[in-house]
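Worth knowing before you read on, the calculation uses all heavy atoms, side chains too, and leaves out hydrogens, waters and symmetry mates.
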Amino acid sequence: TYDMYAKDRLFEAMGEHHYILQYHIYLAALDQYLKLRLKNYDYDTHFGGIFYLFIRGMHPEYASKYGVFFDRPPQKAIQIWSDNLF
């Protein structure tokens, strides 16, 4: 059923499967890359957030009610990751 892909259930799945860790690492790398590539790079201006799409939980009838996980970590969190990874 689509209830398995409700927002609260997706948050649980993201944690259980370490996807939250994964996207923080990727985002820290992307942040570093954009700092090198964009002259006036600003996290708040240039980064909109991350999406994880659980295709099995998506249906046109429900729009983004099921199967769509979104987050936009604060810049401070990404800076802490960057400082410790690079």
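If you take NE2 on His24 and CD1 on Ile80, they are separated by 10.0 Å, rounding to the nearest 0.5 Å.
Partners of Asp8 by side chain to side chain donor-acceptor pair (under 3.5 Å), not counting sequence neighbours: none found. Residues satisfying the salt bridge (Lys or Arg N to Asp or Glu O under 4.0 Å) criterion with Lys7, sequence neighbours excluded, are absent altogether. In terms of the side chain to side chain donor-acceptor pair (under 3.5 Å) criterion, residue partners of Ser82 (sequence neighbours excluded) are, by chain and number, Gln32. Applying the salt bridge (Lys or Arg N to Asp or Glu O under 4.0 Å) test to Asp44 and every residue at least two apart in sequence or in another chain returns Arg72.
Residue pairs meeting the salt bridge (Lys or Arg N to Asp or Glu O under 4.0 Å) criterion with at least one partner in residues 27-43, sequence neighbours excluded, are Asp31-Lys35.
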Chi angles and distances behind the side-chain contact (heavy atoms from CB on, under 4.5 Å) call for Val68, Met58: CA-CA 7 Å; Val68 178; Met58 298 176 74; 3.9 Å; yes
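In the hydrophobic clustering (ILVMFWY side chains linked at under 4.5 Å, chained through shared members), Leu34 is joined by Tyr2, Met4, Tyr5, Leu10, Phe11, Met14, Tyr19, Ile20, Tyr23, Leu27, Leu30, Tyr33, Leu38, Tyr41, Tyr43, Phe47, Ile50, Tyr52, Phe54, Tyr62, Tyr66, Phe69, Ile78.
In the hydrophobic clustering of ILVMFWY residues, with side-chain heavy atoms under 4.5 Å counting as a link, Phe70 and Ile55 come out together.
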